[in-house]
Amino acid sequence: MIEVEYLSKVEVIRKKIVQGQAQQALGELEELYKIKPVRLRWIVAKAEAMIALDYPIQEVYDFLNDKSLDLYEYDGQQELLDVYKKLAEIDGDIVEQEKIKVKKAIMQYIHSGEESRIIKDYNDMLDNTAEAFLEDMDNCELLKKMADIYYISHDSVMYYICMLLYHMKMDKNDIRSTVDKMLNFGYLDLVLMQGKCRKSIVVMTSNERTKLEVLINLLSVFGQEIVIIEEPITCEIERDVTMEELTQVSMDNIEKIGESIKIIRPIAAYMMNNAMSVNTDCILKEIFNTSGDVFNIFCTQEMMTCLEETTLLKKNLQILGGGSSINIQGQIVFGWYGNYLKYISMLYDIDAEEKINSDAECDFSIVVPARNSAKALKYTLMTCLKQDYDGHYEIVLSDNSTANNNEVYELFLELNDERIKYYRTPYDLPLTKSFEYAFLMAKGKFIFSIGSDDAILPWGLSVLEYVLKDLPQHQVLQWERGFYAWPGFQKSQEHQFIIPKNYIKNDISIMNIGLKDYIAMLANDPNSMYGLPMLYINSGYRREYLKELIARTGRLWDGASQDVYMGLVNVLVAKEIPLIKYPITIAGMTNLSIGANERTIREGSEEREYKNEVKQMNNIAGFSRASIEKYMPMLEIDTNLLYTSLYRCIARGLVTKEEIEKIFKVDSMFTRSFEKLRRDDIKFDYRLHLAKQAASLYGREFETWFNENLYSVETVPQTYKEVISDVPLYATGFNKDGGLVLNASHFNVTNIYEASVLFATIMGY
């Protein structure tokens, strides 16, 4: 079968739905589902059949969620929008219907370049309503009308802030859940409604001046102190001047409006035949240098891109949310600017600066972030408590469980050991921030983390103490680890137990690994990324290292995949890292492992529950990409995690785009990412077009290469039969390095603690 034939079959089925044969069509679609990859038109057809058969509206929405990309026009999108319009009609949601109408017009404009009357009419309506609101800001009816127009026009930030004010004035929470749950929109609630950060910067642009004036007035009502960075004043100069001189002029002429608004005017200076220099970034840097504080920052998506790419602001600026995947000019986005430690202090309700500057209170901190994992966690904590070490250490148990789940706390009470220090996160945090919060609570001289299904071997702390005294110049240390797959993990790997090498008891050696060695390893085999010093399971750091992380990257923990990203950061910052060629930990895998769950394909009610949980975790402190990172699509597969993390390192100023692409080669990164892309993933079409859009950023020549070598190959329809093994597929016995692979169930091992005992027995302890 070829692609045209596949799409033709879908269209034949769609006609049957129109002819009233929806049940038959649904059956034929399920049969066609065996053909992979599933394309957007198939998804559209199934949704149409579900509607025709009176499926609950929410079930149809859940099915469609995250299955399409609207960065550009491609096959099936217009039909998908027709489905959404039909759902809005069934629901009687007129505002949603209008929003879809506008989106169709925008997509057509992106595709053809022809301006739509619909878009112009809504822009005019928005300007008129905004001007009326500025004249009568106490008019809640006008406020709600303006919010609806912002929603229809796909400006979610303006809609959300309007609705927060409407909620405050009317005590009526009518915010649409689709916006309320968007990435980091809970941050706006935190800083505006709860007043956690009352300082905001608004960067003006001429094409969205009315909108930004509305925003400034809205922020003022919430009690924000506002710094307005005006549009630059253009002036011709007769001599060369420094940016410092221009910035001083701007700062000396700050205009104050009342008690809460300051206006600063950048200068765009030029000499005859010379390029123009604008000092906006220097002004922002001066604001930070003077105050040392953290600010909310608001501007258009285009302006945010310009700001975050400047060398001066890389480490102190982060977009948080508001940008849509659809390319709409003038959308307002928001983020934080300034002092990262004050930003996370606000998030966590702690003093992060005090935490990283405080003196150690014990020798070691074993950090264990946990989320709804008490059953496995019990055995992990048992390995932490059964240490052959007489010194002073703590176990930092950080509970990031869902609301009303107190099992981790109850386990803490049950174990009743003073070495376990229990902390509860202030609200649901994504994985990276959960780790960051946990690490900030640590009071040890040396700190490392394991997951709630992992183990530290009985001699772990003793070996670390022995090694650390001889390596005072190194802040990061790495070590070797074993592996254990818990009962209930993937059947093909269940009960797998690995001792990677032939270790001799107490024969501890150290090998220094340099930056070039790590990079060569990754370039040769991207699957080796889990061999990076991730500060999780295989490595740790002296507490002073946190100060260096802040100085070099402007962050502590970061990245979409915090383990891989932090591993890259560590090798780029430390340059050389000692590897202890001796096992200290065991990496365990259960079916509750957070990292594994994030990359598991889901469908149905389980998918809905999981996505709601992910949205909740990312509503306040979620990961948001910088513009440079869009050159590498996020495909949510292992190899691709390495490449997206590399581009995050570029965004943080640790390495340049040219340096990365010289070593790893763009075509190789795309090809190796696609090697792991599963055709049976129902989101395959979405990921495919995400990669296609990213490829287009490299220019026409590379886009052509992508289409010929990847897109055309991956879209060939093929019959796919998933093979799920009911028995382990790994081979047991010794490997070439003298290591050992066993089926742990043959030794009555049922948990990570028993796995650690087996490991110790084999090692002769």
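Predicted model only: the values in this text are computed from it and were never measured.
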Aromatic ring pairing His689/Tyr72, orientation class (parallel under 30°, perpendicular over 60°, tilted between): tilted

Counterpart residues, side-chain hydrogen bond (donor to acceptor under 3.5 Å, both in side chains), relative to Asn184 (two or more places apart): none

Where at least one partner belongs to residues 10-28, residue pairs that pass salt bridge (Lys or Arg N to Asp or Glu O under 4.0 Å), sequence neighbours excluded: Glu11-Arg14, Glu11-Arg41, Arg14-Glu48, Lys16-Glu28

Flag side-chain contact, heavy atom, 4.5 Å: Val214 against Lys211: no

Validation row: Asn709, Thr671 side chains within 4.5 angstrom (heavy atoms): no

Glu629 (side chain) donor-acceptor with Ala626 (main chain) under 3.5 angstrom: yes

Non-neighbouring partners of Tyr151 that pass side-chain hydrogen bond (donor to acceptor under 3.5 Å, both in side chains), sequence neighbours left out: Glu96

ring-ring contact (aromatic ring centres under 6.0 Å, His included) partners of Tyr643, counting only residues at least two apart: none

Those residues that, when tested against Phe185, pass ring-ring contact (aromatic ring centres under 6.0 Å, His included) (two or more places apart): Tyr160, Phe334

Donor on one side chain, acceptor on other, Asn217 and Glu213, under 3.5 Å: no

Heavy-atom side-chain contact between Tyr84 and Lys99 under 4.5 Å: no

Tyr33 six-ring face occupied by Lys36 cation (under 6.0 Å, within 45°): yes

Asp685 and Val38, any side-chain heavy atoms less than 4.5 Å apart: no

Step-by-step side chain to side chain contact (heavy atoms under 4.5 Å, CB included) determination, Leu317 to Met304: CA-CA 9 Å; Leu317 177 70; Met304 185 68 82; 4.2 Å; yes

N/O donor-acceptor pair under 3.5 Å between Ser645 side chain and Leu641 backbone: yes

Lys67 side, atom NZ; Ile43 side, atom CD1 - distance, nearest 0.5 Å: 6.5 Å

Criterion side chain to side chain contact (heavy atoms under 4.5 Å, CB included) on Gln78 and Glu73, from CA distance to verdict: CA-CA 8 Å; Gln78 289 294 327; Glu73 175 81 13; 3.3 Å; yes

Polar side chain donor-acceptor pair, Lys433 to Asn400, under 3.5 angstrom: no

Distance, nearest 0.5 Å, that separates CG of Leu53 from CE of Met50: 9.0 Å

Evaluation steps, side chain to side chain contact (heavy atoms under 4.5 Å, CB included), between Glu308 and Ile319: CA-CA 8 Å; Glu308 69 182 4; Ile319 183 174; 3.8 Å; yes

For Trp336, ring-ring contact (aromatic ring centres under 6.0 Å, His included) partners two or more places apart: Tyr340, Tyr343

Centroid separation Phe674 to Phe706 less than 6.0 Å: yes

side-chain hydrogen bond (donor to acceptor under 3.5 Å, both in side chains) involving Glu309 - partner list, sequence neighbours excluded: Ser627

Stepwise side chain to side chain contact (heavy atoms under 4.5 Å, CB included) check, Ile152 with Leu126: CA-CA 10 Å; Ile152 290 167; Leu126 188 53; over 6 Å; no

Donor-acceptor side-chain pairing of Ser561 and Asp563 below 3.5 angstrom: yes

Note, Leu143 side chain near Met146 side chain (heavy atom, < 4.5 Å): yes

Side chain Glu59, main chain Pro56, donor-acceptor under 3.5 Å: no

Sequence-distant partners of Tyr565, ring-ring contact (aromatic ring centres under 6.0 Å, His included), two or more places apart: none

Rounded distance (nearest 0.5 Å) linking atom CG of Leu190 with atom CG of Asn296: 9.5 Å

With Asp66 via side-chain contact (heavy atoms from CB on, under 4.5 Å) - residues at least two apart: Lys611, Lys683

With Thr402 via side-chain hydrogen bond (donor to acceptor under 3.5 Å, both in side chains) - residues at least two apart: Asn372

Tyr427 and Gln616 side chains, donor-acceptor separation under 3.5 Å: no

Side-chain ion pair, Arg371 and Asp428, N-O less than 4.0 Å: yes

Counterpart residues, side-chain contact (heavy atoms from CB on, under 4.5 Å), relative to Ala47 (two or more places apart): Val60, Phe63, Leu64, Val83

Derivation of the salt bridge (Lys or Arg N to Asp or Glu O under 4.0 Å) call for Asp121 and Arg117: CA-CA 6 Å; Asp121 286 347; Arg117 184 72 195 175; 3.1 Å; yes

Steps toward salt bridge (Lys or Arg N to Asp or Glu O under 4.0 Å) verdict (Arg672, Glu675): CA-CA 5 Å; Arg672 282 179 151 169; Glu675 288 172 358; 5.0 Å; no

Distance under 6.0 Å and angle within 45° of ring axis: Lys657 vs Tyr631: yes

Ion pair Asp174/Lys144, N-O distance below 4.0 Å: no

Leu183 and Phe623, any side-chain heavy atoms less than 4.5 Å apart: no

Salt bridge (Lys or Arg N to Asp or Glu O under 4.0 Å): pairs with one or both residues in residues 695-719, sequence neighbours excluded: Arg679-Glu714

NZ/NE/NH1/NH2 to OD/OE distance under 4.0 Å, Glu661 and Lys665: no

Approximate separation, where rounding is to 0.5 Å, of Leu568 CG and Leu642 CG: 6.0 Å

Note: Glu141-Lys145 ion pair, threshold 4.0 Å (strictly below): no

Beyond-backbone contact of Val10 with Tyr6, side-chain heavy atoms, under 4.5 angstrom: yes

Salt bridge Arg176-Asp180, side-chain N to carboxylate O under 4.0 Å: no

Under 3.5 Å: donor-acceptor pair, side chain of Ser8, backbone of Val4: no

Met125 side chain reached by Asn128 side chain, heavy atoms, under 4.5 Å: no

From Lys104 atom NZ to Leu80 atom CG, the distance as rounded to the nearest 0.5 Å: 9.5 Å

